[in-house]
Amino acid sequence: QKEVEQDPGPLSVPEGAIVSLNCTYSNSAFQYFMWYRQYSRKGPELLMYTYSSGNKEDGRFTAQVDKSSKYISLFIRDSQPSDSATYLCAVTHSGNTPLVFGKGTRLSVIA
Amino acid sequence: EAQVTQNPRYLITVTGKKLTVTCSQNMNHEYMSWYRQDPGLGLRQIYYSMNVEVTDKGDVPEGYKVSRKEKRNFPLILESPSPNQTSLYFCASRKANYGYTFGSGTRLTVV
């Protein structure tokens with residue numbers, strides 16, 4: 001079983017839709033959870049960083065962690081064409097251990 | 001501007017010709033890492049360093065070397081490149097309890 005599973009998509013939605021992106025992980029020892037956005041031909045950029053379970057909101061983005069189900073989500077409200085990118089989840093055990101990345105979900109927001 | 005700078009951005013080389021990809025960060029981060037990104041395989045860690053003179057293997061270290069003589073620099077060395085090392089490479093750095101900042105990537109082609 002892979003450590004982090006992420007549906008590769010592609011996912012195509014109309015502008016203004018609510019987008020839900022998800023990852024599952026296998027190791028209950030993971031404590032830190034991240035979402036990255038990667039535009040074509042660019043490096044990934046950090047969107048959200050959360051510790052343990054719960055929700056974290058930043059503008060149109062909400063990250064949700066359910067440790068009991070080993071399930072993490074990223075919600076994008078009022079999606080825009082500029083949100084079209086690949087979204088990668090990442091997990092790690094502690095503040096100084098290597099990150100384990102999902103393979104990414106490609107999202108297209110159609111105007 | 002806080003950033004991770006890697007050079008070159010694009011490189012075409014021949015099998016067996018030693019090359020170095022440089023990486024430098026200006027954020028005083030302890031932790032640095034090299035990833036390669038391939039279609040269908042996602043981001044895979046090659047090597048990481050938790051501080052000066054401290055390096056460790058990631059998931060795919062074969063054929064690569066690194067060094068960390070100074071905190072800001074973390075070069076990736078391919079002593080004898082082969083075509084299966086054709087990939088998109090990313091350098092990244094982070095501070096404890098936070099996510100990575102990635103460089104813009106180096107697209108390497110080995111013929």
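A note on names: the letters A, B, ... follow the listed sequences, proteins ahead of strands, and every chain is numbered from 1.
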Report which part of A:Pro98 has an atom under 4.5 Å of a heavy atom belonging to chain B: side chain, backbone, both, or neither. both

Which atoms of A:Gln6 come close to chain B, meaning under 4.5 Å heavy atom to heavy atom: side chain ones, backbone ones, both, or neither? neither

Between B:Gly40, B:Gly103, B:Ser33, B:Ala92, which shows the greatest number of heavy-atom pairs under 4.5 Å with chain A? B:Gly40

If one checks every heavy atom of B:Glu30 against chain A at 4.5 Å, the contacting part turns out to be neither

Quiz item: cation-pi between A:Lys42 and A:Tyr39, 6.0 Å / 45°: no

Between A:Glu57 and A:Arg77, is there a side-chain N and carboxylate O pair less than 4.0 Å apart? yes

What part of A:Leu88 lies closer than 4.5 angstrom to a heavy atom of chain B: side chain, backbone, both or neither? side chain

Which region of B:Ser104, side chain (C-beta onward) or backbone (N, CA, C, O), has a non-hydrogen atom less than 4.5 Å from a non-hydrogen atom of chain A, or is it both or neither? backbone

Evaluate the ring planes of B:Phe90 and B:Phe102, with Trp represented by its six-membered ring, and classify them as parallel (under 30°), tilted (30 to 60°) or perpendicular (over 60°). perpendicular

So what's closer than 4.5 Å to chain A heavy atoms on B:Arg9: side chain, backbone, both or neither? side chain

Evaluate the ring planes of A:Phe101 and A:Tyr36, with Trp represented by its six-membered ring, and classify them as parallel (under 30°), tilted (30 to 60°) or perpendicular (over 60°). tilted

Do the side chains of A:Asp58 and A:Lys56 get close enough for a salt bridge, i.e. N-O under 4.0 angstrom? no

Max heavy-atom pair count under 4.5 Å with chain B, selected residue of A:Met34, A:Glu45, A:Gln38, A:Met48: A:Gln38

Classify the ring geometry of B:Tyr35 against B:Tyr100: parallel below 30°, tilted from 30° to 60°, perpendicular beyond 60°. perpendicular

Starting at NZ of B:Lys71, measure out to CG of B:Asn28 and round the result to the nearest 0.5 Å. 3.5 Å

Among B:Gly58, B:Gly105, B:Gly99, B:Gly42, which residue forms the greatest number of heavy-atom pairs with chain A at distances under 4.5 Å? B:Gly99

When the 4.5 angstrom heavy-atom criterion is applied to A:Tyr51 and chain B, the contacting part is neither

